[in-house]
J.: 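Got a structure for you, questions after.
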Amino acid sequence: MRMLGLAYANLKEHFLTTALSVMLLAIGIGMVSFIVTVSNQLNDRFNRDIRGIDMVVGAKGSPLQLILSAVYQIDNPTGNIPVSEARRIITHPLVKYSIPLSYGDSYGGYRIVGTDSVYLRHFGATFSSGTSWSGSMEVVLGKTVAKSLEMSIGSHFHGTHGLETEGEAHEEAHYTVVGILNETGTVADRLILTSTTSVWDIHHHPEESDEHQHGHADEESNHYEDDQQITALLVKFKSPMGIMQVPRFINEKTSMQAALPAIEINRLYDLMGIGFSTLQAIGFLIMCIAALSVFISLLNSLKERKYELALMRSLGASPTKLFALVLQESLLLCLVGYAFGIILGRIAVMTLSTFGEEQFHFSITQVAISEIEIWLLPITLFVGVVAALIPALRAYKTDISTILRNE
Amino acid sequence: MLSTKDLSFNYPQGATFSFPNLNITEGQSLLVLGKSGSGKTTLLHLLAGLMNPADGLVEISGVNLVELNGSKRDKFRGENIGIVFQSAQFVRSITVFQNLSLARSLAGLSANNELAESLLNELGITHRMHAKPSDLSIGERQRASIARALVTNPKVVLADEPTSALDDENAALVANLLQRTVTGHGAALIVVTHDQRLKNRFQNSITL
């Protein structure tokens, strides 16, 4: 009979108190694991999507909303900006490149974004099949979209007005899938991408076009573009000087607003950080309560088992052996709590991921043990040692003769 | 096998005990009778090395127990002394058989399932070997307690009031079993009790 086996049997004997302590530990560990996983994955996703974008230009409104809608595609746009005004930024000498974005329609809950080929290059997108759009009403699907909507090259669909699935369908024209992207791990996976002209064309009214009838096709095209609007412009500067000068110029001298993703996202992290930190603190607090529960349960159990301990001493067990037995019980309990906690954390992440997938097409996956979870193991074991210390010392100091005399 | 010389013990509260010299060889049994407060249990705890005497020595197989330090004495006790307690204490979370295995393990001995099974068989409780101690009757528990005391092949078995909680029939049964099995295994047996029913069942006896 090994001591570890005895420790297990003792824990099993006090099933209810053991289960309560394990449950408390599991909740605490699961909560910390969940919060850290979600926070890390959000940070990772946010940083990946924002990489290389120095500034976002859009209609005046909330700068955070502009960033969330234009970069992450998870909020409504602040409005539209005229192409004629956006051109002043596109051609600005400090701008390295810019990406126009036009959106407002969707299909199957996924946004249809009108842009140009720079967008694909920016996110390092490559094609798993087909090619990029070459004409109006041709679309390229992100990996998640293609998989979720089960569409392939040549598929047709009607976009719906608005970003909700229940929006009014644009029955007058349909999109054709001409390309499907490989997974990029960015927002591009969750988008239906097309040319900006596709978005303009589908919202173009014949009576408006009559006013643009001119003799030459090129002139007609330029006038047509100048009269159009886009939703936002993603900008990359040639040098840090751009960040110093251009946003101020836009905010002060134009009807548009310039938002700096780094600043806005930091603000968002700060806001979310308070929530994350609070939940994380609650998780650690629950772990402390669990430690108290382990301590009380061990202490009560030892009170009940004082004759057993004295008996074991009379059978030849050294005080150190009894100390080790109590410690093993505590550590075993904490290990089980840790394992359940990690499983609980995973279940919570999966639940949130399912919800996020349904609501925002934003999933979180975590299978491997994360760094914080590796750290949680020694922390949990430390909690186990601390909780067991006093009961183990009591076991160590068992006065066998006195106890056995009073049996 | 076991001998004591000038053994005495002083309790901090003031009670003082001086015990007669004992000398017992393997296969022999000795009954120590005494009323409550006569120092029976104190003597048994001194013989088991659970307490340190104020004076005197306890020698088992040539080793003076008093001179052994804590861990050496624990090890010696586990290997050489079996104890049968009045209320037959067990580790409750494990089965009778596992309790026997634990006794060997704590004594630092390798597992010996055959010996454990044969002892339980000898004491007529093989059918209860996988039961938890709490599921056993008082008589069964006392028999299991004897099996546990012998599973380490001790040189001496000390029994503290082994029959006090039993009726006449079971008291006689346990006393006989104790003597037969303990001496049959070549160990020396010392029983301390106030139970006068045992007086005529032992050839050697002293009264405190």
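Excluded from the calculations below are hydrogen atoms, water molecules and symmetry mates; all remaining heavy atoms, backbone and side chain alike, are included. First the proteins, then the strands, lettered A, B, ... as listed; each starts at 1.
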J.: Count the heavy-atom pairs under 4.5 Å between each of A:N10, A:L311, A:L309 and chain B, then report the option with the highest count.
T.: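 The option with the most such pairs is A:L311.
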J.: Ignoring hydrogens and angles, tell me if any N or O in the side chain of B:R77 forms a donor-acceptor pair with the backbone of B:A48 under 3.5 Å.
T.: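 Present.
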J.: Mind ranking A:R313, A:H14, A:E304 by heavy-atom pairs under 4.5 Å with chain B and telling me who comes out on top?
T.: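 Top option by heavy-atom pairs under 4.5 Å: A:R313.
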J.: Going by an N to O cut-off under 4.0 Å, is there a salt bridge joining A:R346 and A:E373?
T.: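 Yes, this pair counts.
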J.: Given heavy-atom pairs under 4.5 angstrom as the criterion, report whether the side chain, backbone, both or neither of B:F90 touches chain A.
T.: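 B:F90 touches chain A through backbone heavy atoms alone.
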J.: Given that the side chain runs from C-beta out, which part of B:R104 has a heavy atom under 4.5 Å from chain A: side chain, backbone, both or neither?
T.: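 It is neither, since no heavy atom gets under 4.5 Å.
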J.: Does a salt bridge link B:K132 with A:E13, judged by any charged N lying under 4.0 Å from a carboxylate O?
T.: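 Yes.
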J.: Check A:R48 with A:D44, please: is the shortest side-chain N to carboxylate O separation under 4.0 Å?
T.: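 Counted as a salt bridge, because a side-chain N and a carboxylate O are separated by less than 4.0 Å.
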J.: Quick one: do B:K155 and B:N80 satisfy side chain to side chain donor-acceptor pair (under 3.5 Å)? Show the steps, please.
T.: CA-CA 5 Å; B:K155 292 188 172 66; B:N80 296 285; 3.0 Å; yes
J.: What part of A:K12 is in contact with chain B, defined as an atom under 4.5 angstrom from a non-hydrogen atom: side chain, backbone, both or neither?
T.: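 Neither the backbone nor the side chain of A:K12 comes within 4.5 Å of chain B.
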J.: Can you say whether B:A107 sits under 4.5 Å from chain A via the side chain, the backbone, both, or neither, judging by heavy atoms?
T.: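 Looking at B:A107, backbone and side chain both touch chain A.
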